[in-house]
Each structure stands twice: as structure tokens, then as C-alpha cells.
Undergrad: 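Sharing a structure with you now.
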Amino acid sequence: MEIIIQSTRAAASKLAALNIARLVQAKPNAVLGLATGSTPLMLYTELIRLHREEGLDFSKVRTFNLDEYCDLPPEDPNSYRFFMNENLFKHINIDIANTRVPDGLVQGAEILRHCEKYEEDIRAAGGIDLQVLGIGTNGHIGFNEPGTSLASRTHFTTLTESTRKSNAPYFGGLEAMPYYALTMGIGTIMDVREVVLLAFGESKAEAIAGAAEGALTASNPASSLQMHPSATMFLDTAAAARLVRRDYYEWTFAHKPDWQ
Ligand code: PGA
């Protein structure tokens with residue numbers, strides 16, 4: 001796992017955007033795996049700027065999102081389909097038909113079929129070239145909560161109390177927050193060609209330290225990326241504060257973690 005530490009969220013997001021821009025320039029029909037949440041917002045702002053000001057062309061790009069809440073229609077402002085349309089897709093020249101988000105409205109026996117079809121569609125697209133990830137304070141990637149099988153594929157999952165509490169403010173409180181979601185599995189993520197994980201702020205420092213320097217364990221799902229041949233973490237200094245090693249890009253030897 002490569003780790004890149006920048007002094008600000010903006011600088012780290014710009015570097016990550018550059019990786020995506022280079023890929024899309026080299027492969028105009030690249031398949032991007034996308035994430036939601038507050039973490040990738042600056043990355044998406046930078047991709048929009050690259051499109052508007054530097055002509056980055058998304059017309060042939062295809063996307064698969066990591067996850068979606070169950071029981072939220074796409075027009076619900078808290079659905080991840082809505083998030084993607086508002087924060088990225090409507091501002092770039094992507095063909096909306098080439099953008100995929102799991103359908104949180106499928107019910108009962110349809111759920112399994114839908115998840116299998118999502119995997120089939122990813123394979124049919126030639127696999128995901130680059131996957132954007134955030135990380136939960138509990139180490140989750142997508143909605144793969146601690147304890148999820150490292151071999152899991154796209155599946156129906158129960159959100160942990162910690163994830164429900166973290167995201168409750170978006171829903172105006174815990175009561176309105178969904179209990180269930182569909183998510184790509186850890187196995188799905190391990191199959192992508194390149195992983196770009198972003199993490200900012202001190203609330204992520206513990207999860208990042210575990211993922212980057214701790215034991216490989218389903219208790220910290222992001223630690224699975226230690227086994228990925230091409231995974232990079234783009235961090236700000238706050239998210240990097242509990243890392244112990246000093247061999248990271250732009251990490252100065254003068255820096256002391258706050259606990260030293
Ligand atoms: P956040 O969520 O970007 O809103 O912090 C990240 C995650 O839970 O994966």
C-alpha cells in the first residue's frame with residue numbers, strides 16, 4: 001500500500017483527481033468505481049474543474065458506485081444516486097446511462113439477483129479500472145462493516161450502530177437513518193485494478209493506522225487493502241496522525257504524531 005500525505009484535504013484531493021484524470025486520458029472508456037460521503041466531495045469538485053477548464057472528457061467513461069441505502073428512492077436527497085447526480089454527474093459530460101448505483105428499492109428474493117447482476121455487469125464492462133474509497137471510523141470500505149468476509153461480493157448488509165450514528169446527521173437524526181444497504185463486497189473491491197482511498201480529519205486516524213500498519217483483519221475491512229497490488233491512500237496530516245512508520249511520501253521526519 002502506498003501512502004501519500006498532504007497538509008490539506010484540498011491538496012490530497014487534487015493529487016487523487018490527477019490520478020483519475022491521467023487514467024481517463026489514457027483510456028477514455030475507463031471504468032471508475034465511485035464513492036459517496038463527505039470525503040470525495042473535493043475530489044469531485046476537482047474533476048468537475050478539470051472537465052470545465054481543461055477539457056477532461058467523460059463522454060465514454062463508465063461508473064459503478066460502491067453502495068446504496070435500502071428503501072430510499074433515487075430522488076431522495078439522501079440516496080447515493082441523488083448524491084452522485086448532484087455532486088458529479090450533472091456537472092460533467094458523462095452519459096448518465098453509463099453510470100450505475102445499486103438499486104436500494106429491490107425487495108426480497110430480487111435482492112440476491114440484483115447483487116449478482118451488479119457483479120456480472122462489472123465483469124461485462126471489463127472490470128473496474130480505478131476504485132475511489134473513503135473509510136469509516138470503524139474501518140469500513142463501502143458498507144463492508146467490521147466482520148464482513150474478505151471474500152465477499154456485492155451483497156445486502158446491516159449497518160452498524162457506529163455507521164448509523166456517523167451518518168444520522170444527514171437524515172436529521174437516528175430515527176430516519178436506514179438500517180440496511182447494498183454494497184460491493186471486499187472481494188469485489190480487491191478485484192479492481194487500482195484503489196484510491198481518501199481519508200481526512202482526526203476521526204479517521206485510528207482506522208487509517210489500523211488499515212495501513214495494523215494486522216490484516218476483517219475487524220478493520222480497509223486492512224484488506226494491504227493485499228491489493230495497487231492501492232494508494234491519500235491522507236491529510238490529521239488522518240495520518242497515528243501512523244508510526246516514517247517512509248511515506250511527503251511525511252517529514254520532523255513531524256511528531258500527537259501521541260509522542
Ligand atoms: P465520510 O464517510 O466520507 O462521510 O466520512 C466515509 C465512509 O463512511 O466510508
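Remember, it's 1-based here, ligands and their atoms both numbered in the order they're listed.
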Undergrad: Give a yes or no on whether a salt bridge exists between Glu110 and Arg113, defined as a side-chain N under 4.0 angstrom from a carboxylate O.
TA: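 Arg113 and Glu110: not salt-bridged.
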Undergrad: Side-chain donor-acceptor pair under 3.5 Å between Asn138 and Glu145, yes or no?
TA: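 Per modelled atom types, Asn138 and Glu145 side chains form a pair under 3.5 Å.
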Undergrad: Residues around ligand 1, heavy atom under 4.0 Å from any ligand atom, sorted by chain and number. Can you pull those?
TA: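 Those residues closer than 4.0 Å to ligand 1 by some heavy atom are Gly37, Ser38, Thr39, Gly134, Ile135, Gly136, His140, Tyr170, Lys204.
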Undergrad: Does the ring center of Phe171 lie less than 6.0 Å from the ring center of Tyr69?
TA: yes
Undergrad: Tell me every residue that passes side chain to side chain donor-acceptor pair (under 3.5 Å) with Ser203, counting only those two or more places apart in sequence or in another chain.
TA: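 Partners of Ser203 by the side chain to side chain donor-acceptor pair (under 3.5 Å) criterion come out as none, since no residue qualifies.
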Undergrad: Taking the six-membered ring of Tyr179 (Phe, Tyr or Trp), confirm whether the NZ or CZ of Arg164 is under 6.0 Å from its centre and within 45° of its axis.
TA: yes
Undergrad: Will you find, in the side chains of Asp71 and Gln107, an N or O donor that is under 3.5 Å from an N or O acceptor?
TA: yes
